[in-house]
Amino acid sequence: MEAVDERFLPVPGNVLPRFAGIPTFMRLPHRAAAELDDVDIALIGVPFDSATSNRPGARHGPRQLRDLSTMIRLVNQATRVAPFHLARCADLGDVLINPVSLDDSRRRIVAYYRDIAAAGVVPLTAGGDHFISWPILEALAADGPLGMIHVDAHSDLYPPYFGGFDSHGTPFRRAVEQGLLDPRRIVQIGLRGSSIDMSDVDFADEHGIRQIAVEEVFDRGVDDVMDEARRLVGKEPIYVSFDIDAIDPSQAPGTGTPEVGGLWVQQAQRLIRRLTGLEVVGADLVEVSPPWDAGGNTAWVGANLMFELLCVLADGVHRRRP
Ligand code: MN
Ligand code: MN
């Protein structure tokens with residue numbers, strides 16, 4: 001960017017204390033969804049958890065992530081990326097979902113993200129349960145199937161639940177069936193725990209989806225795994241979806257479906273930093289569930305991982321700018 005656009009800088013903590021004021025994501029300005037003219041990256045909440053099959057509460061995620069994200073500062077000390085200087089970022093508030101209808105919420109999310117995509121704005125979303133990634137993908141994949149790097153304890157490739165219903169365990173199977181994702185450009189990282197019936201693994205094998213268990217990450221290391229992931233997704237557009245339950249529950253207990261033996265926060269930070277340079281058209285951080293988050297540490301981890309994702313997105317916006 002030529003000069004930094006001061007309108008889009010977070011409120012500094014030495015001007016207004018970090019515990020004060022209305023908590024927007026990372027203390028960014030709030031913009032209405034209709035005022036996207038100058039915005040490069042939109043931070044959006046989708047407070048929806050009605051597709052949760054076990055412990056609910058992720059509907060409260062966006063608000064808690066906003067509150068905890070007020071501690072985020074300007075520069076990523078590890079990478080030296082200063083996202084708010086590279087791209088104009090704003091908090092668009094929450095998508096108006098319908099907590100009593102999956103179908104209606106799905107339609108609302110698709111319509112909302114179609115407008116975001118039409119405006120040329122890159123979305124960084126805070127969930128909500130993982131169901132929300134499906135309608136987001138439906139809006140973002142208008143020009144053809146996307147690749148995806150998906151970090152999660154679970155594949156979310158399961159067939160319908162309860163005799164024919166979508167849940168937060170089915171979004172990516174649906175997205176593949178609908179042609180929103182190119183399965184040969186999907187990499188799932190961090191999978192673990194006991195499985196329902198391995199039907200998700202069968203689906204992955206049939207479609208050529210690369211699944212990398214958390215044990216493989218520990219054996220090979222993050223850099224080696226990410227070298228492979230980068231090769232597989234290539235240079236074409238990808239979406240990045242990060243389920244907070246990928247992190248070990250000792251560091252991120254506040255989530256609906258925890259699994260032991262997960263990634264450490266440092267590994268997740270390193271993993272996200274290794275996305276830099278890929279053609280990332282959007283990202284989400286889902287499944288933070290504040291009612292299960294005694295002490296707020298999970299939202300704190302989530303807010304920091306959102307900052308890492310934002311650094312990748314802002315670097316991409318900056319690189320693509322003519
Ligand atoms: Mn998930
Ligand atoms: Mn999960």
Side-chain angles (χ1 to χ4, degrees), residues 46-59 61-62 65 102 105-106 109 125-138 148-161 165-176 180-181 183 186-201 203-204 209-215 217 239-265 267-268 271-272 282-293 298-299 301-302 305-306 309:
V46 183
F48 178 83
D49 68 3
S50 305
T52 300
S53 57
N54 186 27
R55 312 194 307 195
R59 68 180 59 185
L65 286 162
L102 259 63
S105 292
R106 195 170 85 78
I109 296 168
T125 302
D129 72 40
H130 224 152
F131 175 87
I132 68 168
S133 301
W134 174 29
I136 292 171
L137 285 167
E138 184 165 335
M148 180 174 68
I149 292 182
H150 169 208
V151 191
D152 200 326
H154 315 95
S155 71
D156 297 347
L157 291 173
Y158 283 102
Y161 282 37
F165 293 89
D166 290 301
S167 81
H168 67 158
T170 65
F172 301 122
R173 188 187 193 98
R174 302 288 267 140
V176 169
L180 309 175
L181 291 172
I186 298 176
V187 183
Q188 303 187 300
I189 303 170
L191 309 177
R192 64 186 187 273
S194 51
S195 172
I196 297 175
D197 57 6
M198 300 300 276
S199 59
D200 61 325
V201 174
F203 183 86
I209 294 169
R210 175 72 170 110
Q211 298 189 304
I212 301 176
V214 76
E215 291 82 2
V217 180
Y239 188 73
V240 175
S241 192
F242 200 110
D243 185 327
I244 197 72
D245 70 29
I247 305 294
D248 191 79
S250 63
Q251 296 189 326
T255 191
T257 318
E259 305 287 354
V260 301
L263 297 173
W264 301 115
V265 172
Q267 291 178 303
L271 186 160
I272 293 172
D284 61 43
L285 185 290
V286 298
E287 298 282 359
V288 171
S289 180
W292 299 91
D293 192 20
T298 310
V301 171
L305 296 181
M306 282 184 72
L309 289 165

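These numbers come from a predicted model, not from an experiment. Read the numbers this way: they start at 1 and go in the same order the structure lists the ligands and their atoms.
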Go through it in stages, so that I can follow the logic: the residues are Tyr161 and Ser53, the test is side-chain contact (heavy atoms from CB on, under 4.5 Å), and I'd like the CA-CA distance, side-chain angles, deciding distance and then a yes or no. CA-CA 9 Å; Tyr161 282 37; Ser53 57; 3.8 Å; yes
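No side-chain donor-acceptor contact under 3.5 Å links Asp197 and Tyr158.
A ring-centre distance under 6.0 Å is found for His130 and Phe172.
For the atom pair CG (Asp200) and CG (Leu191), the distance works out to 8.0 Å, reported to the nearest 0.5 Å. Taking CD1 of Ile109 as the reference point, atom OG1 of Thr125 lies at 9.0 Å (rounded to 0.5 Å).
For a distance bound of 2.8 Å, the N, O or S atoms of His130 include none lying that close to the Mn ion (ligand 2).
Within Asp245, the N, O or S atom at minimum distance from the Mn ion (ligand 2) carries the name OD2. Taking the Mn ion (ligand 2) as reference, the nearest N/O/S atom within His154 carries the name ND1. Among the heteroatoms counted here (N, O or S) of Asp156, OD2 is the one nearest to the Mn ion (ligand 1).
With the Mn ion (ligand 1) at the apex, Asp152 OD2 and Asp243 OD2 define an angle of roughly 90° (rounded to 10 degrees).
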